[in-house]
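Okay, so here's the structure we're looking at.
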Amino acid sequence: MPASLDANLKAVRQTVARSAERAGRDPMQVELVAVTKGFPVERIREAIAVGLRIFGENRVQEALPKIEEIGPADVDWHLIGHLQTNKIKFIEGRFRMVQSVDGAALAEALDGRLQSPLDVLVEVNVAEEPQKTGAPAADLAILTGAVQATQHLRLRGLMTVAPMVEDPEAVRSVFRRLRVLRDETSQRLGVPLPVLSMGMTDDYAVAVEEGATMLRLGRALFGPR
Ligand SMILES: *Cc1c(COP(=O)(O)O)cnc(C)c1O
């Protein structure tokens with residue numbers, strides 16, 4: 001229902017504005033990625049109608065038919081879930097950004113299939129949860145170095161999925177840590193890394209306070225999956 005999506009988007013923007021204000025940040029520096037996994041193409045059309053322009057999908061397989069159906073509208077697609085090597089061939093020309101680069105071998109394989117530049121984020125498993133994807137922070141220097149050494153990948157920043165907790169305050173330290181890792185990486189490589197993709201439906205208010213520049217929101221926009 002476009003009406004409820006519209007209302008949800010307004011509520012999200014209000015929350016972002018309040019969190020940004022608390023942190024002395026400009027809310028315009030926070031981009032919304034509408035996460036459409038599990039939602040049909042009609043919801044994506046409604047999202048485009050209310051002004052959303054960046055869409056996130058977890059799985060290439062689920063994304064392909066949606067990207068095809070939406071067609072060359074004025075939207076960007078981001079891959080936000082683990083990229084399997086056998087899906088690398090589908091990235092070019094469809095995805096504007098891969099947020100989930102989590103290994104040097106994957107970065108090199110992806111680079112080998114590309115003919116044009118691609119923006120990427122390195123995904124960090126900050127809390128080192130064993131069941132989660134993302135590189136451990138200890139690997140970040142080598143991994144980001146490998147990404148920088150490729151021909152086509154343009155490292156734009158870091159991404160993380162915080163642990164699921166009852167109280168979002170419990171993951172503030174995870175977001176803070178990602179920002180420090182981003183600052184250190186930027187210094188080490190001598191390049192600006194403007195993007196901090198962190199914050200989902202249950203924790204985005206805290207993520208904005210801690211410096212998120214990109215929120216990945218599914219349920220906050222579209223309701224329960
Ligand atoms: C599903 C998903 C999201 C969005 O989750 P919500 O809780 O619906 O906001 C964000 N990032 C990643 C990596 C996801 O898999």
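Just so you know, ligand 1 is whichever comes first in the structure, and atom 1 is the first atom listed for that ligand. Excluded from the calculations below are hydrogen atoms, water molecules and symmetry mates; all remaining heavy atoms, backbone and side chain alike, are included. Quick note: residue numbers are just sequence positions, from 1.
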Query raised in the report: Quick one: do the Arg22 and Ser19 side chains pair a donor with an acceptor below 3.5 Å?
Result: yes
Report summary line: So CG of Leu114 and NZ of Lys89: to nearest 0.5 Å the spacing works out to 14.0 Å
Report task. Could you check Trp77 against Phe55 for ring pair (Phe, Tyr, Trp, His ring centres under 6.0 Å), going step by step and ending with a plain yes or no? Result -> CA-CA 5 Å; Trp77 294 91; Phe55 295 93; 5.6 Å; yes
**Report entry** Pairs flagged by side-chain hydrogen bond (donor to acceptor under 3.5 Å, both in side chains) wherever residues 91-101 is involved - sequence neighbours left out
**Finding:** His78-Gln99, Glu92-Ser116, Arg96-Asp119, Gln99-Ser197
Requested in this report: For residues 151-171, pull every pair meeting side-chain hydrogen bond (donor to acceptor under 3.5 Å, both in side chains), keeping only residues two or more places apart or in separate chains.
Outcome: Asp111-His152, Glu169-Arg172
Query raised in the report: Is Arg225 in contact with ligand 1, taking contact as a heavy-atom separation below 4.0 Å?
Result: yes
Report summary line: Nearest non-hydrogen contact to atom 7 (O) of ligand 1 from the set Arg219, Met164, Met200 belongs to Arg219
Proximal atoms of ligand 1 relative to [X] (non-hydrogen, under 4.0 Å):
X      : answer
Gly218 : 4 (C), 6 (P), 8 (O), 9 (O)
Leu217 : 9 (O)
Lys37  : 1 (C), 2 (C), 3 (C), 14 (C), 15 (O)
Val161 : 13 (C)

Query - Thr201, portion touching ligand 1 at heavy-atom distance under 4.0 Å - result: both
Query raised in the report: Where's the contact between Ile80 and ligand 1, heavy-atom distance under 4.0 Å: side chain, backbone, both or neither?
Result: both
Report task. Verify, without hydrogens or angle tests, whether Ser186 (side chain) and Val191 (backbone) share a donor-acceptor contact under 3.5 angstrom. Result -> yes
Query - Contact summary for Ile88 and Ala109, nearest pair of heavy atoms - result: CD1-CB, 3.6 Å
Report summary line: atom 11 (N) of ligand 1 has as its nearest protein heavy atom Arg216 NE, 2.9 Å
